[in-house]
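Encoded as structure tokens, the structure appears first; notes follow it.
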Amino acid sequence: MRPGEDAATSTSPYRVRRGDPEVFEIGLVTEGRDCRFALVVDRVANGEQKSTTAGDFPVVPR
């Protein structure tokens with residue numbers, strides 16, 4: 001969704017149904033330094049807004 005939209009007014013072409021796989025590919029570049037990040041996913045399920053935070057992931061330069 002875009003800022004100011006809710007599930008009823010969203011123009012997003014993406015819809016997730018029960019049983020659909022949820023796959024997120026995230027690419028990170030560290031510019032030579034170690035860092036950490038968390039992924040926050042905001043979603044609407046059965047009309048209720050929810051937020052899930054996944055991890056405290058380290059990113060180490062190669």
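When reading the values below, keep in mind they use all heavy atoms of this one structure, side chains included, and skip hydrogens, waters and symmetry mates.
Remark: Asp42 CG to Lys50 NZ distance equals 13.0 Å, nearest 0.5 Å. With rounding to the nearest 0.5 Å, the separation of CG in Asp56 from CG in Leu39 is 12.5 Å.
The two residues Ala38 and Gly55 have their closest heavy-atom pair at CB-O, 3.1 Å.
The side-chain heavy atoms of Val40 and Thr52, taken from C-beta on, include no pair separated by under 4.5 Å. Using a 4.5 Å cut-off on side-chain heavy atoms (C-beta onward), Val59 and Arg36 make no contact.
In the hydrophobic clustering of ILVMFWY residues, with side-chain heavy atoms under 4.5 Å counting as a link, Phe57 and Ile26 come out together.
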